[in-house]
Amino acid sequence: MDLAKLNPPQREAVTHFGGPLLVLAGAGSGKTRVITFRIAHLLAQGVPPEAIAAVTFTNKAAEEMRERVAFLLQDRRTAKKLTIGTFHSMGLWILKEERKALGFPRGFTIYDQSDQLGVVREILRHLAKEDADRRYDVKAILTRISLAKNGFVAPDAYKIHEGDDYDEVTAEIYPRYQEALRAFAAVDFDDLITEVVRLLETNPAVRDRWRSRFRFVMVDEYQDTNRAQLMMVKHLVADHGNLVVVGDDDQSIYSWRGADPTNILRFTEMFEGARLVKLEQNYRSTKTILDAANAVINNNTQRHGKTLWSDKGAGAPIIHAVAPDVETEAKWVAREVRRLHQDDGRPWSAMAVMYRSNIQAKLLEEELRTNEVPYTMYGGQQFFERKEVKDVIAYLRIALNGRDELALRRIINYPARGVGATTVERLVARAQAQHANLWDVVRAAGAEAADDPEIRPQTRRALGDLVGVVERLRERLAGDVIVATRGLLDDIALYDDLRHAAPSMTAAQRRIDNVEGLIGTLTRHRDKRGGEGLADLLRHLSLQSDSEEADAGGEKVILTTLHGSKGLEFPVVFMVGLEEELLPHARTLQPQATDVIDADHAIDISEERRLCYVGITRAQQQLYITRACVRTSRGRPMPRTPSRFLLEIPDELLEVRDLAEEAREKVPSDEVRQFFSKLSFDD
DNA sequence: CGTGGCCGGCTTTTT
DNA sequence: GCCGGCCACG
């Protein structure tokens, strides 16, 4: 490792030894480099790898970090001994180690968002209110519960903002939600952090164990931490204060899901004696792009304040394309992308198209397809969210954790075995009356000897079948996971059902492939994680989005939301739809009833501005900003005004293109060109 | 239990 | 204006 490869502030951050340090890392300023060099530096100073922890937000970031440290050290074995993981995987680790202190059973389940929504929906259904489950937006309730949990507001202490209906239902739902999770032996993502904090606060033995574990802690993307995560970190470093956090207050774009920007804004007040290092030299973008980014972000007031600079040249001007309507905008982007590839030799993967909201992607996809531009979309439906995958996982879950009511409800009549809603409701009511869990009630009702006036013999047999399938699965799970899962698929004849139910053969095959994909993932995890049990494997799976397997590189143009673009960079970036009500979004300008009200009721567009800043700073060489003058919203064509953020960019950095004019001049030749390109392609 | 028609809604999303 | 979710009907 060569410290001379670093610029002065980078070196200062890397060689900083004890005490708290905030590294304000501007976009493209070599943030990951600082963290990895710092880890290597600590090791070189003789710090044992077991004493170092680095916390990230995504699995991808964690893997990348470990990868780069291993490369830097040229030593995989040492890299393996480092603790590098997401907040949630670290929380899970601690909860697992302290499972007994918490009173969790071995097979406890992690509930993801769709599970959480299921729990809330179920509680709403049983609420005395008329039509409660239809009247309310379940997600809005869940958001409030999550914000409360992360703010350590107890279920019985939920504060209702005057006149906010959603606060009122949340106050009713939240305590029941938390009770339900515990009854189901389940934790949600928030619990993975908050339960750890609670434990560290209430159990001195546990606290001491974890406080002496790490002597150096690092946190990446610190601007995204919420209060609970801050508390967790605080506890871990309470003995020594050796904490280095790296982040950028100007890239804080997740406050809507609980991130608290004051964590980074007030770091030096929260951690006594903290030092501050600013990384302002940018190694990514041209001067033009940085000037635009700086000009925009300078309009925000609540910030540490830094100015990105680069020793690169001015480069190309930013192209500001004004289209008469959205169709023209999308068409032009698709053709320009194609032109850059064909004429300028840009690889497809050197280009990205970014937008504020996913709906904008639809038209772009269409145009890219007609122009035969290969593209891949970031985000979209996650592999583990697919129905057939979740169904199989639900069987595994109920086999491991008999209290996982949600999993049981999911598969109680899947594949269809004649257990209707009435039967389920009856059984649930019975479970409630007997203070038993649903699985035990189902088992009793399905027993051959059961003589139950409420349940028809046919239904009894169906329940008996289900119990048989699950119990056989549980027995098989004592052996090999894959053999057991294959046995399950046979027992329930899943593939027959998928073939039968799918609208087409290709759709059926796709679903079968998805299940096979799950088996592939299970196999890999089994082989990699060795002796760990299935319960553990499933928990790790829930913390794992499938982005790793989804699009492994590939020569394709990237389509992504501005949120999804954070942390990425491309030689060419298109930011589309830079109009008022898209960026800043209308929802920010006029909040809805379901939106969480800000403490001071003020409309704050600074996060939207940061989103714009994030987009601009993704570009290395060439930035395109496009907008349309007319856009149909809710069926009506509406005149559009340029985004206020676009107006904040100095004119001399922009080169305006009037696409209405270009269209008038070029339509015939363009059509001729397309005609010929189609011809040559068919040959 | 599956499907077609109708009604409502229409940011961002990782773990 | 379109899509997705839900209910009613077959």
Side-chain angles (χ1 to χ4, degrees), chain A residues 55-62 85-92 110-116 121 131 133-135 137-140 142-143 146 150 187-194 221 224-226 228-229 252-259 326 354-363 378-382 384-385 413-422 497 500-503 539-547 560-567 577 581-596 607-608 610-612 614-615 631-638:
Chain A
V55 194
T56 64
F57 273 86
T58 64
N59 292 301
K60 202 175 140 208
T86 63
F87 271 102
H88 293 89
S89 67
M90 280 195 65
L92 173 61
I110 295 175
Y111 273 18
D112 68 13
Q113 180 168 261
S114 69
D115 298 320
Q116 293 176 280
R121 211 171 278 132
D131 264 357
D133 56 323
R134 312 167 46 98
R135 277 225 328 261
D137 176 349
V138 186
K139 228 177 198 169
L142 193 57
T143 304
S146 176
N150 284 305
V187 293
D188 62 21
F189 287 132
D190 297 326
D191 288 329
L192 291 175
I193 313 295
T194 54
E221 303 281 14
D224 290 339
T225 50
N226 62 28
Q229 288 155 341
S252 158
I253 54 173
Y254 285 117
S255 75
W256 53 274
R257 64 180 198 207
V326 264
M354 301 174 186
Y355 35 83
R356 172 67 232 263
S357 137
N358 278 312
I359 30 169
Q360 295 174 257
K362 221 191 122 215
L363 197 63
Y378 265 42
Q381 207 190 20
Q382 299 282 306
F384 296 111
E385 290 285 300
N413 195 34
Y414 183 81
R417 48 173 70 89
V419 182
T422 335
D497 189 84
H500 182 74
R539 285 189 289 253
H540 278 277
L541 233 55
S542 357
L543 295 186
Q544 192 104 63
S545 80
D546 65 325
S547 48
T560 173
T561 60
L562 287 166
H563 283 93
S565 77
K566 202 174 81 171
E581 306 209 298
L582 264 178
L583 189 69
H585 198 275
R587 194 82 182 251
T588 307
L589 299 168
Q590 305 118 24
Q592 303 277 295
T594 52
D595 293 340
V596 179
E607 186 153 307
E608 298 283 308
R610 289 192 288 268
L611 204 46
C612 183
V614 166
R631 189 178 292 263
T632 34
S633 83
R634 288 168 210 185
R636 255 166 222 290
M638 300 288 283

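Computation of the quantities below employed the complete heavy-atom set of this structure, encompassing side-chain atoms and omitting hydrogens, waters and symmetry-equivalent molecules. Proteins come first, then strands; the chains are lettered A, B, ... in the order of their sequence lines, and each starts at number 1.
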When you look for runs of 3 or more Watson-Crick or G-U pairs in a row, both distances below 3.5 Å, which of them include DNA chain C?
-> B:1-10 with C:1-10
In whole angstrom, give the distance that lies between atom CG of A:Asp224 and atom P of B:dT13.
-> 13 Å
Phosphate contact (B:dT15 OP1 or OP2) by A:His88 side-chain N/O below 4.0 Å = no
So what does A:Glu608 hit on the nucleic acid, given a heavy-atom distance under 4.0 Å: a base, only sugar-phosphate, or nothing?
-> base
With A:Arg417 via salt bridge (charged side-chain N to carboxylate O under 4.0 Å, His left out) - residues at least two apart | none
Considering just the side-chain nitrogens and oxygens of A:Asn358, establish if one lies under 4.0 Å of OP1 or OP2 belonging to B:dC10.
-> no
Do NZ/NE/NH1/NH2 and the carboxylate oxygens of A:Lys566 and A:Asp224 come within less than 4.0 Å?
-> yes
Among all residues two or more places apart in sequence or in another chain, which pass the salt bridge (charged side-chain N to carboxylate O under 4.0 Å, His left out) test with A:Asp191?
-> A:Lys149, A:Arg182
Taking only residues two or more places apart in sequence, or in another chain, which ones meet A:Glu608 in a salt bridge (charged side-chain N to carboxylate O under 4.0 Å, His left out)?
-> A:Arg356
Face-to-face contact A:Trp256 to B:dT12 six-ring, under 5.5 Å, under 30° = yes
Give a yes/no on whether any side-chain N or O of A:Lys362 is located under 4.0 angstrom from OP1 or OP2 of C:dC3.
-> yes
side-chain N/O A:Ser542 vs B:dT15 OP1/OP2, d < 4.0 Å = no
Could you measure between the two P atoms, the one in B:dT11 and the one in C:dG4, and give it in whole Å?
-> 15 Å
Using salt bridge (charged side-chain N to carboxylate O under 4.0 Å, His left out) as the criterion, list what pairs up with A:Asp112, not counting sequence neighbours.
-> A:Lys390
Gap between atoms CG and P, on A:Asn226 and B:dT15 respectively (whole Å) | 15 Å
Under the ring-ring contact (aromatic ring centres under 6.0 Å, His included) test, residues paired with A:Phe57 that sit two or more places apart = A:Phe87
